[in-house]
Amino acid sequence: MTITPTPNELLDTSIAQLRTLAAFLREQLGQGMEGMTSCSAQVAACREVLGALSVLIVRLQAAREPLAGAGESEHAGLPSRYDRPRASGTVFEPWE
């Protein structure tokens with residue numbers, strides 16, 4: 001018998017894996033890659049990937065919120081931080 005994961009389980013697993021990858025990449029960037037001028041293109045690419053991972057994590061978290069049942073989300077009942085206006089008066093959009 002095959003156990004099929006729920007959409008929430010898939011999203012949770014994906015978010016956790018992406019967070020792990022982002023933490024590893026952040027750690028690698030902090031361990032001496034900064035001073036390596038011969039690797040500046042690689043460092044820039046790693047930073048770009050890290051930024052893309054961060055955006056993807058936020059988007060997956062936002063996608064998960066409507067799927068979470070009452071009390072299932074750790075933030076259930078609380079307003080999303082993306083619903084709050086920024087200092088500029090606009091609302092943060094995770095894909096900006």
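What you see is a predicted model, and the numbers here were worked out from it, not measured in a lab. Note: hydrogens, waters and symmetry copies are ignored here, and every other heavy atom, side chains too, is used.
If you chain together hydrophobic residues whose side chains sit under 4.5 Å apart, Ile57 and Leu21 fall into the same group. A chain of hydrophobic side-chain contacts below 4.5 Å, direct or via other Ile, Leu, Val, Met, Phe, Trp or Tyr residues, connects Val49 to Leu18.
In this structure, Ala63 and Pro66 approach most closely via the heavy-atom pair O-CD, 3.2 Å. Residues Leu25 and Leu50 approach most closely at CD2-N, 3.8 Å, considering heavy atoms.
Taking CD from Gln17 and CG from Leu53, the interatomic distance works out to 12.0 Å, rounded to the nearest 0.5 Å. Separation of atoms CZ (Arg47) and OG (Ser40) is listed at 10.0 Å; rounding is to 0.5 Å. Separating the CZ atom in Arg26 from the CZ atom in Arg19 is a distance of 10.5 Å, to the nearest 0.5 Å.
For Leu11, the side-chain contact (heavy atoms from CB on, under 4.5 Å) partners are Leu60, Arg64, Leu67, not counting sequence neighbours. Partners of Thr6 under the side-chain contact (heavy atoms from CB on, under 4.5 Å) rule, at least two apart in sequence or in another chain, are Asn8, Glu9.
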